[in-house]
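Before anything else, here's the structure in question.
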Number of protein chains: 2
Amino acid sequence: MAVRPRLTTAKVVDAALELVDEHGVDALTLAAVAARTGVATPSLYKHVASLGELRGLVGVRLIEEMTARFTDAVLGLSGDEAVRVLMHSYRAYVQEHPKRYTAMPMDPLHDELQRAAGLKFMEVLLATLRSYGLEGSDAIHATRRLRVIVHGFASIESGGGFGLPEGLDDTYDQLVRMYLTDLRGQS
Amino acid sequence: MAVRPRLTTAKVVDAALELVDEHGVDALTLAAVAARTGVATPSLYKHVASLGELRGLVGVRLIEEMTARFTDAVLGLSGDEAVRVLMHSYRAYVQEHPKRYTAMPMDPLHDELQRAAGLKFMEVLLATLRSYGLEGSDAIHATRRLRVIVHGFASIESGGGFGLPEGLDDTYDQLVRMYLTDLRGQS
DNA sequence: CCCAAAAGCTAACAGCATTAGCTCAGGGCC
DNA sequence: GGCCCTGAGCTAATGCTGTTAGCTTTTGGG
């Protein structure tokens, strides 16, 4: 640590995220990040190993941010109310950052950081379902079903996959209700 | 039509799809397609306007192929059995072409071809749900819920997003059951 | 039999990620 | 307090993209 760097890995990821938010995930290029941080492109390699790694770090950032937000939202709640708040929190996050969700990695097993972030995320889901008294594989299945619904909807909505946005709130409410009913029904 | 072309747009899309299947969606490059079709890269522009358009055509191909397959699978069935077969057909297709699903466009409104293909796909879904006697927005909500589940699961599974693949069949069965129960419950 | 349309080609260019090697500032250490 | 060495940032260069311009050559229609 001979020199205090003007740039850090965290700041590089910050700039990358801004770029994704503003111009979409395809605009995440090392040249653009360099321009935004006021640095020559090759200088970024002092903080990031490659464009691929930067993408991975952005993914970790997203998972962490969502996890923190959901943890906060669900705090002090339990049962159906906790699940409802969690699911609506998820959708709200994606709605606030429409272009961001495309950068979410579905494969958190490759990278060690992503793996850790993914596990923490799963823990929040499991904790939210704890009051239902599910054990072993039942708990795993329940979190999987939750992920499927929440990610499926977010993915289609943020990609503009639903034709007209009319009644989307209703559709989501129905999904939440469907999930909760099913959760109670199998006890 | 002065010359019988050695290459056609369809063959270009064929090669593109092969590339996606073999080496993932990131390997879909004009240079690679040219190499595979035995032609110089710029020659492709006689059949395709740009890489972006080729991506779109690949997307259309995928939607059409899935639609055809589901139409076939559901033929002569109705009610729960039709829905069950449709959902399992969807998953089977994605399992057979793991890397392919990433190329599926969620935004079929930009391109005219994609729009048409997407509508046909939705028609199959609506037709499958016809025997439930849903009308108006109820039918729309039901198809949306179906898409959310089916796409959510396929997206996570094909991306390796479920940790261990253990018990994934059970998870999917639970989702199918959940959807059907919900469908009956609200009549 | 000619000619125009169109498929494929080569040459060229801009933008990208990435590597190699340099410069030079500043904190650790005596 | 002055040296040194670590490391951040730079410039130059390479190879791979997609894309455009303009030429060559084949071939079906008149």
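Chain letters run A, B, ... following the sequence lines, proteins first and then strands; every chain starts at 1.
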When rounded to whole Å, the NE2 to C1' distance for the pair A:His47 and D:dG7 reads 10 Å
**Q.** A:Glu96 and A:Arg69 ion-paired at < 4.0 Å
**A.**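 Salt bridge between A:Glu96 and A:Arg69, a charged N being under 4.0 Å from a carboxylate O: yes.
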I need the single residue from A:Leu44, A:Thr41, A:Val39, A:Asp14 that forms a side chain to side chain contact (heavy atoms under 4.5 Å, CB included) with A:Val33. Which is it?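 When side chain to side chain contact (heavy atoms under 4.5 Å, CB included) is applied between A:Val33 and each of A:Leu44, A:Thr41, A:Val39, A:Asp14, only A:Leu44 qualifies.
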Letter by letter from the 5' end, nucleotides 10-23 of chain D scores (B base, S sugar-phosphate only, - none; protein heavy atoms under 4.0 Å) BBB----SSBB---
- prompt: Salt-bridged, A:Asp170 to A:Arg177, with N to O below 4.0 Å?
  reply: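 Judged by the 4.0 Å cut-off on N to carboxylate O distance, A:Asp170 and A:Arg177 do not form a salt bridge.
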Separation of C:dC16 atom C1' from A:Leu54 atom CG, nearest Å, is 15 Å
* To do: Begin with the C-alpha distance, continue with both residues' side-chain angles, and end with the deciding distance and a verdict on side-chain contact (heavy atoms from CB on, under 4.5 Å) for A:Leu17 and A:Leu28.
  => CA-CA 8 Å; A:Leu17 221 83; A:Leu28 175 48; over 6 Å; no
Check: Which is it for A:Val94 and A:Arg100 under the side-chain contact (heavy atoms from CB on, under 4.5 Å) test, yes or no, and what are the steps along the way?
Finding: CA-CA 7 Å; A:Val94 179; A:Arg100 195 177 279 201; over 6 Å; no
Discussion item. Output the rounded distance in Å from CG (B:Leu44) to P (C:dT10).
Written reply: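 Distance check: B:Leu44 CG to C:dT10 P gives 13 Å.
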